[in-house]
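Reminder, nothing fancy here: chain letters follow the sequence lines and each chain counts from 1. As the structure is a computational prediction, the values presented were derived from the model and not from experiment.
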Number of protein chains: 2
Amino acid sequence: MKTVKLSKRATNMQASPIRKLYDAANEAKERGTHIYHVNIGQPDIKTPKSFVKALKEFEQDVIEYAPSHGMKECHEAYQRYYQNKNIKLKQSEIVITTGGSEAIVFALAAVTDPGDEVLVFEPFYTNYNGFASMVGTKLRPITLNINDGFHLPDSSEIESKISQKTKAILLCNPNNPTGTVYTKKELDAVVKIAEKYNLFLIADEVYSDFVFSGKHKSLLQYPQVEDKVIVIDSVSKKYSSCGVRIGAFISRNQDLIATAIKLGQARLSVATIEQRAAAKMIGKQENYLKKTVAEYQKRRDVVFEELQKIKGVTLSKPEGAFYNIVGLPIKDAEHFAKWLLEEFSYQGATVMVAPAEGFYATKGKGKNEIRIAYVLKSSDMRKAMKILEKGLEEYQKNN
Amino acid sequence: MKTVKLSKRATNMQASPIRKLYDAANEAKERGTHIYHVNIGQPDIKTPKSFVKALKEFEQDVIEYAPSHGMKECHEAYQRYYQNKNIKLKQSEIVITTGGSEAIVFALAAVTDPGDEVLVFEPFYTNYNGFASMVGTKLRPITLNINDGFHLPDSSEIESKISQKTKAILLCNPNNPTGTVYTKKELDAVVKIAEKYNLFLIADEVYSDFVFSGKHKSLLQYPQVEDKVIVIDSVSKKYSSCGVRIGAFISRNQDLIATAIKLGQARLSVATIEQRAAAKMIGKQENYLKKTVAEYQKRRDVVFEELQKIKGVTLSKPEGAFYNIVGLPIKDAEHFAKWLLEEFSYQGATVMVAPAEGFYATKGKGKNEIRIAYVLKSSDMRKAMKILEKGLEEYQKNN
């Protein structure tokens, strides 16, 4: 029997780097070790009650396809949500998607053909790699520096990476995995580059509510590039509804919207029940969002305070989202992360972190960095950081 | 301001051909004309009560990500479902997807690189075009003949379309849009070709329960190609849950499964609530399925009986699914379909059909054919076919 060969894209796709650690984590749990999971962006914040209430009120004899571009009540909800931020959107500028993930796939498919390039600042959200593989886009990384708090480089450095194949710049703001929020000056510069080189701007703004000083500036607020901007949104983090899978593809360029709708027609629709329930929540939870942001800010402060006590670490105070990239005084953070699970515990517990190497496309970058997601309550985050400190001490003695 | 240019794939993608008729349909409704919608595979059958019950019982403070490959209860449910058909599956051979749609995208991405080809028999489910555009696959059509009931051609004809670029054969069985169920002999022949040329087989079997005589044979029942077969499944039609968006990617080739999981990790997870509720329904609704199939069979008989009375039509008796392709004694079925909505009514009602041209990739094919979906109760289907007959008479007088 001849063996069939999978596609190159399938073979070259990396399995999630964090997943590799799950076996070690499960074994630690079997040994009775408690694990503080700060390795993944799955918060412990409760989903708004209005969502589950809407779920229970769902009545429909036949659960039918929703319209491919999304249900009217969801368009209205996102319109309301953006109106709360003083951003005016028409309903025809919003396509509802299966999570932010699908919106990114649609964006890449809309602006690139296989082999075309999109610039992205590394470290970046690992899953961009998977989406790019799926549609055949090449991600071209521009490396940021932990010592600058992962802020953007000079325009000249960005411009030096632009080629004939470059179709867009993909920007995650506030940033996963760095926690950086780009300043108005930085965004102005990126917008200028997009104008100069006629590039699309894909703005992943799923953390836009989580900014700890000042206000988030959306790329929707730049009328001079309104034909170029696609904003990605999602209920996952804002409403702690990761398992709900509702997102949005937003653009004022009607050709982009028409493309998203065509791609949406192919997959028919987004889950009807989720849309109905999400519509009761999106743009109606201003107090919930305020409380959530305050909670994340408290955690951010605790994590930063504790991390600063650790000898030899490099870090900046995160400005948004709920992540922090930390440089460690060791050579191989992946080895350390595995060691924490396999060989270490402190008072019956250990901590699972995400090695940052997986967030870089350039080989060898980020090898001594980890990402911490402050998705647990402050007291747990404090304990987790203490374990990290103790673990690091012990690890350095033996490695 | 320079205008940004969308990708070629975006520009070349066709909007859903049926959508073009929706404006005409809405205008007819505004005039007070009742429309029998037999143009789309959205059945009127009630979703099982167990699904909505499970929905109402959903309790979770934080709606978290599900595992990327799907929730255990969903794997168990599909295992049970296939066991009912005497097909043994391991849970590790099943990846839960967002509808059958996502499973097809995963399959194409797993077996083709951009520019590679997949053979498909036309007329075929239009959305395959959208999925192929998304991942850069070329669909190579093999035209079937309405006079053979759209059964498969000789192996030599299939083999003549195979090139170095061909990676897979995509087979929808029972077929949307033709209603054809392939015989064991036809499947044997396709399997032999896959072995001979070392091709993957992507089997879209979402209608597998809807077979009106004999039993459906799944490609999972061919051990000699178990490394090559991917089966696509979905709850949409079987459990009349089109808006639920739960499907499955099934394969005994663990490399294919690993790829589907990597693609699944990129988009994180499938909706948690839907998976939980679907797991209570999949493989537990044998009576429901029996009743549903009997209902479709009744409709099939009514539709076939009525269509046979119409002068000059070409058709075969559908063997499965809930569609029928009908050749009409006119030149342009799209024009006729639009005319039915814009200029015709009979006793205050008209009928919306799908012009079949959109189901062909070869230009000019299927221009005089329409697809009828028997998704309405028998009495309505009978009325709809009567309107079609009257409309055709009138149309032929004036066109």
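- Counting heavy-atom pairs closer than 4.5 Å to chain B, the top residue among A/Ile261, A/Asn127, A/Leu256, A/Ile63 is A/Ile63.
- Judged as a side-chain contact (heavy atoms from CB on, under 4.5 Å), and not counting sequence neighbours, A/Lys5 has no contacts.
- Looking only at heavy-atom pairs under 4.5 Å with chain B, the residue among A/Ser269, A/Gly130, A/Gly136 that has the most is A/Ser269.
- No more than 12 heavy atoms of other residues, nucleotides or ligands lie within 6.0 Å of CD in A/Gln14, so this atom counts as exposed by the packing criterion.
- The candidate with the highest count of non-hydrogen atom pairs below 4.5 Å against chain A, out of B/Cys242, B/Ala168, B/Ser133, is B/Cys242.
- With a 4.5 Å cut-off on non-hydrogen atoms, A/Ile246 does not touch chain B at all.
- Atom NZ of A/Lys280 sits in a sparse spot, with 12 or fewer heavy atoms from other residues, nucleotides or ligands closer than 6.0 Å.
- Contacts between A/Leu199 and chain B at a heavy-atom distance below 4.5 Å involve the backbone alone (N, CA, C, O).
- Residues forming a salt bridge (charged side-chain N to carboxylate O under 4.0 Å, His left out) with B/Lys165 (at least two apart in sequence, or on another chain): none.
- Ring-plane geometry between B/Tyr128 and B/Tyr125 is classed as perpendicular, the angle between the planes exceeding 60 degrees on a 0 to 90 degree scale with a lower cut at 30.
- Interface residue B/Val270: only backbone heavy atoms are found under 4.5 Å from chain A.
- Of all the listed residues (B/Gly115, B/Ala10, B/Gly99), the one sharing the greatest number of non-hydrogen pairs under 4.5 Å with chain A is B/Ala10.
- Heavy-atom pairs under 4.5 Å with chain A were tallied for B/Ser236, B/Ser101, B/Ala277, B/Ala109; the largest tally goes to B/Ala109.
- Proximity to chain B (any heavy atom under 4.5 Å) is shown, for A/Pro48, by neither the backbone nor the side chain.
- With a 4.5 angstrom heavy-atom cutoff, A/Ser7 touches chain B via backbone and side-chain atoms both.
- Between A/Arg276 and the choices A/Glu57, A/Glu73, A/Glu59, the salt bridge (Lys or Arg N to Asp or Glu O under 4.0 Å) rule is met once, by A/Glu73.
- Of the listed residues (B/Phe200, B/Phe131, B/Phe51, B/Tyr239), the greatest number of heavy-atom pairs within a distance under 4.5 Å of chain A belongs to B/Phe200.
- Neither side chain, A/Thr272 nor A/Gln60, offers a donor N or O lying under 3.5 Å from an acceptor on the other.
- Taking A/Met13, A/Gln275, A/Arg9, A/Lys56 one by one and counting their heavy-atom pairs under 4.5 Å with chain B, the maximum is reached by A/Arg9.
- Chosen from A/Asp113, A/Ile45, A/Thr259, the residue pairing most often with chain B at heavy-atom distances under 4.5 Å is A/Asp113.
- Residue A/Val111 touches chain B through its backbone alone, counting heavy-atom pairs closer than 4.5 Å.
- When each of A/Asp116, A/Asp61, A/Ile40 is scored by its heavy-atom pairs under 4.5 Å with chain B, the top score falls to A/Asp61.
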